[in-house]
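This one's a predicted model, so the numbers in the text were calculated from it and none came from an experiment. Throughout, protein chains are lettered first and strands after them, A, B, ... in sequence-line order, and every chain is numbered starting at 1.
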Amino acid sequence: MSPVLEVRDLRTEFFTAAGTLRAVNDVSFSLNEGEIIGLVGESGSGKSVTGFSLLGLIDAPGKITGGSVRLKGDELVGMAQPDLRRRRGRDIAMIFQDPIATLNPLLTIGQQMEMALAAHERLSPRASEDRCAEALERVGIPSARARLKAYPHEFSGGMRQRVAISIALLHRPAVIVADEPTTALDVSIQAQIVTEMKMLAREFGVAMIWISHDLAVVSGIAQRIAVMYAGRIVETGPAAQVLRQPRHPYTRGLLDSMPHATAPGQALRQIPGSMPSMMALPPGCAFAPRCAFASPACTSVPELTEAAGRSWRCFHPLDQPAQEGITS
Amino acid sequence: MNQHRETYLKIENVSKIFGPRLSMGDRILRAAIRRGPPPSLTAVSGVSLTLAKGQTLGLVGESGCGKSTLGRVIAGIYPPTTGKVMLDGLALMEEGRKVTTAVQTVFQDPFASLDPRMKVGEAVAEGPVAHGIVPRSGARAHVAKWLSHAGLDPTLADRYPHQFSGGQRQRIAIARALAMQPKLLICDEPVASLDVSIQAQVINLFLELRRDLDLTCVFISHDLSVVRHVSDRVAVMYLGRIVELGETHQVFGRPSHPYTAALLDSVPRIAAEGEVLMEVKPISGEIPSPLNPPPGCHFAPRCPLATARCTAEIPSLRETAPGQRAACHHAESQLAEPERAGA
Amino acid sequence: MTPSNPKAPTENPPVGMTETGKPTPPILLFWREFRRNRIATVALGITILLAFVALFAPFVAPQDPYNLQTLSLMDARRPPGHVGSGGYVHILGTDAQGRDLLSAILYGLRISIQISLAAGFIALTIGATIGVLAAYIGGWVETVLMRMVDLQLSFPAILLALVLSALLGQGKAQLITALVAAQYAYFARTAYGAATAERRKDYIEAALATPLSARRVIFRHLLPNCAPPLIVVATVQIASSISLEATLSFLGLGLPVTEPSLGMLIANGFQYMMSGRYWLSVYPGLMLILLIMAINIVGDQIRDQLNPRLRR
């Protein structure tokens with residue numbers, strides 16, 4: 001089976017007055033039908049810009065300067081805007097952290113959904129309303145038909161995110177890019193949304209890129225995980241393996257610094273230092289200055305090493321299990 | 001543990017009700033058309049608790065549960081509508097004004113909680129100088145001491161907040177609070193806005209300073225794993241009320257309120273080695289609006305154990321196990337569930 | 001596997017800065033951005049130049065227009081370029097009293113700038129105090145103060161200034177009073193808007209939680225953070241107070257004839273407009289336009305730079 005989305009050496013740069021900033025640097029991954037990949041990283045790691053780049057939603061001073069994004073075999077990088085717009089929403093859709101920013105406060109949910117529908121399909125008003133009500137029902141919104149007449153502010157945060165999800169699913173796209181979709185929500189609501197999205201992805205066979213800073217959330221939904229640091233993917237692999245046995249010291253550091261990796265009240269195993277400025281990245285491996293395993297070799301960029309369905313960019317990959325100190 | 005230690009913080013029947021903010025025109029208009037005032041919001045309702053010296057109380061709950069409001073009442077930012085807060089037997093506020101410097105606060109967002117137009121050294125020195133904790137001549141040394149306690153280079157005192165990263169700013173905010181030499185430190189979501197790798201650094205700093213300074217702390221967070229890590233005792237809040245209160249290992253290991261149990265089940269966790277990755281078990285339903293909470297037990301509409309009694313009668317906070325209290329009519333059936341791993 | 005570099009940084013090192021070396025002071029960054037707009041930079045140059053020549057008018061001006069001894073009625077209403085009896089070349093000609101017009105303009109500029117600066121700063125102080133206090137105290141104080149301000153804003157400023165200067169009579173102090181009364185409301189509105197927004201921010205809560213005295217919170221925290229919009233309004237208001245003052249003087253209400261500001265020079269020359277002696281009115285008028293335009297352009301640029309929404 002050929003992958004539904006294939007990203008090769010994607011590079012997105014921002015040309016600012018203060019200099020050129022390479023937000024996405026040689027990012028490669030592929031996504032099979034119905035697969036969920038978790039894209040994990042801290043702020044400034046380039047995970048969101050990667051998501052936007054996939055949909056061609058990069059505005060000046062940013063620009064995709066290299067690589068390829070193949071959606072169902074068609075190259076999206078360099079595609080003319082009108083063609084791109086035709087694919088967006090129909091074949092590839094996006095869900096944002098803050099649905100209030102993507103929903104128009106002046107239009108009812110129904111109007112917005114029907115507009116989204118009309119962008120790619122011609123339907124009678126009757127059929128269109130049926131489709132929208134059905135879509136809302138599917139994401140767990142009670143009395144969906146009546147809610148179509150409601151405005152975004154009449155929904156709670158969790159419900160708004162459900163509406164955004166149902167809009168993204170309207171055309172049954174092949175790929176959904178979800179950028180921190182549950183970060184703004186309460187834990188109990190987050191749990192609901194994660195469970196529902198997992199189900200929907202299975203039911204629709206839609207592949208998903210779940211962008212998040214939270215490894216724990218990603219571990220609950222993604223089959224594969226890609227960890228980003230300073231614009232590069234430093235490690236990928238099946239979720240269980242990456243979390244249980246990380247190969248890159250950064251992944252290991254992230255896992256170790258989580259509170260449950262240490263007995264209550266004890267000092268957490270922190271990663272020293274902070275993310276370097278994207279304007280002044282250290283030469284070679286960007287993580288080297290914070291890394292306990294760094295050596296002189298780390299001043300050059302490590303190549304991607306691939307083995308047994310996993311890959312990493314590190315001269316000193318780890319091989320011992322990460323959570324030996326765990327108490328639970 | 002630590003039960004022999006004397007009580008430091010005592011909160012008695014504290015409620016905080018926010019009235020609607022109406023302009024004069026609105027008032028006149030409402031009087032003219034004979035409409036009463038719009039509903040007021042009960043953010044905190046009848047909270048009583050005590051905290052021993054040197055202990056940390058974790059305050060957890062979801063949005064709208066009143067944990068931040070309660071924190072601000074304890075911090076002396078909001079005067080309580082009813083009830084009072086006592087520190088070491090003395091009132092925190094008199095006539096709506098905070099009369100002590102023994103309690104200090106670290107806020108969630110270090111980008112907002114530092115005055116952007118004040119050098120960080122001045123920000124740290126301001127309170128102690130104004131209250132005569134250090135003489136003006138000793139301010140620089142005082143600032144240097146607390147900045148280095150917070151893990152910052154004291155030579156950076158002449159910079160402005162915008163020149164620091166998020167984690168560094170939170171360190172400055174901590175230095176500013178501690179420079180007042182408080183006995184009680186309120187931390188309102190101190191790591192929520194920080195990156196994962198920076199969170200661990202700030203939590204470690206907090207643990208270290210708390211031990212060195214023998215601080216009593218109230219740690220407010222929506223992140224259960226952080227609260228579990230730093231707290232001795234935990235209070236779980238739901239829509240303005242404390243629904244469960246107990247030692248951390250009790251509340252996390254054997255919750256006696258169904259909401260606590262459901263909250264714990266909602267938290268995504270990375271399972272230990274060898275286990276299947278954990279599936280989250282969501283609670284059904286939405287958090288009701290605090291403007292219009294359901295009658296009886298506020299959690300009843302979402303509760304798997306709810307009966308008719310729950311919607312009719314407000315459960316009081318009662319002892320369910322030694323040192324553990326819950327506001328639930330069915331706490332016993334919740335307690336009967338097996339103990340949780342990871343307590 | 002053994003770590004190839006055992007000196008692992010596990011301790012909490014004092015956290016350094018993200019960039020090395022001395023930080024650039026914000027004012028310098030501000031200037032660098034300002035400089036990118038050429039027109040605004042030229043306008044700023046003109047403003048500074050005009051303020052400078054106004055300040056040093058007695059040293060810069062070729063003639064002291066108040067010194068009656070150097071004046072000769074022989075030289076009255078001469079066109080530009082006229083060589084007067086005193087031996088001066090009157091570059092811009094002379095006025096009805098035989099004064100060198102350039103000197104009269106420079107002295108007039110001096111008076112105009114003096115009056116409007118004084119009025120601007122007093123209005124700023126009063127207005128900012130009212131606005132910030134209303135926002136900080138809230139309740140009925142807020143309602144009373146701000147309704148008063150709103151009421152006043154519903155009248156045109158010029159109307160109020162006209163009525164007041166007619167009532168108060170001529171003189172510098174009276175004129176400044178009229179200008180302040182006409183303009184403080186704009187500052188109050190701006191300060192109130194900024195302060196209500198700042199009041200809700202965490203750093204004010206943090207200051208109150210310390211606790212710091214209300215006076216300290218207002219003057220050390222609230223007011224400095226309301227400064228950016230006030231600076232913008234101040235530049236615009238100084239320009240408008242210059243034109244307001246000119247209008248009043250033109251109508252004969254502002255200053256006594258002995259202290260001719262730009263407005264009065266225009267008014268004095270106006271009667272000769274039809275007789276072809278255009279320079280008497282036109283040159284002071286051009287100077288007025290130049291000054292107001294320059295200040296407004298500078299104000300616009302400052303506003304654009306301080307408004308984060310317009311930033312890229």
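- Annotation: cation-pi geometry satisfied between A:Arg147 and A:Phe155 (NZ/CZ under 6.0 angstrom from ring centroid, within 45° of ring axis).
- Checked by atom type, the side-chain pair B:Ser221/B:Asp223 shows no donor-acceptor distance below 3.5 Å.
- Using a 4.5 Å cut-off between heavy atoms, A:Leu215 touches chain B through backbone and side chain atoms alike.
- Contact annotation for A:Met159: both backbone and side-chain heavy atoms come within less than 4.5 Å of a heavy atom of chain B.
- Between B:Phe299 and B:Tyr238, the ring planes are perpendicular. Angles over 60° get that label, and only those under 30° would be called parallel.
- Chain A forms the most heavy-atom pairs under 4.5 Å with one residue out of B:His222, B:Arg210, B:Glu286, and that residue is B:Glu286.
- Side chain to side chain, B:Glu244 and B:Gln324 meet the donor-acceptor criterion of an N or O pair below 3.5 Å.
- Of the listed residues (A:Glu196, A:Gln266, A:His213), the one with the most heavy-atom contacts under 4.5 Å to chain B is A:Gln266.
- Neither the backbone nor the side chain of B:Thr248 comes within less than 4.5 Å of any heavy atom of chain A.
- Residue B:Arg211: no heavy atom, backbone or side chain, is found under 4.5 Å from chain A.
- Taking A:Gly265, A:Ser156, A:Ser257 one by one and counting their heavy-atom pairs under 4.5 Å with chain B, the maximum is reached by A:Gly265.
- With 3.5 Å as the limit, one finds no donor-acceptor pair spanning the side chains of B:Asp109 and B:Ser193.
- Both the backbone and the side chain of B:Ile198 come within contact range of chain A, each with at least one heavy atom under 4.5 Å from a heavy atom of that chain.
- For the salt bridge (charged side-chain N to carboxylate O under 4.0 Å, His left out) test with A:Glu235, the passing option among A:Arg313, A:Arg247, A:Arg310 is A:Arg310; the others fail.
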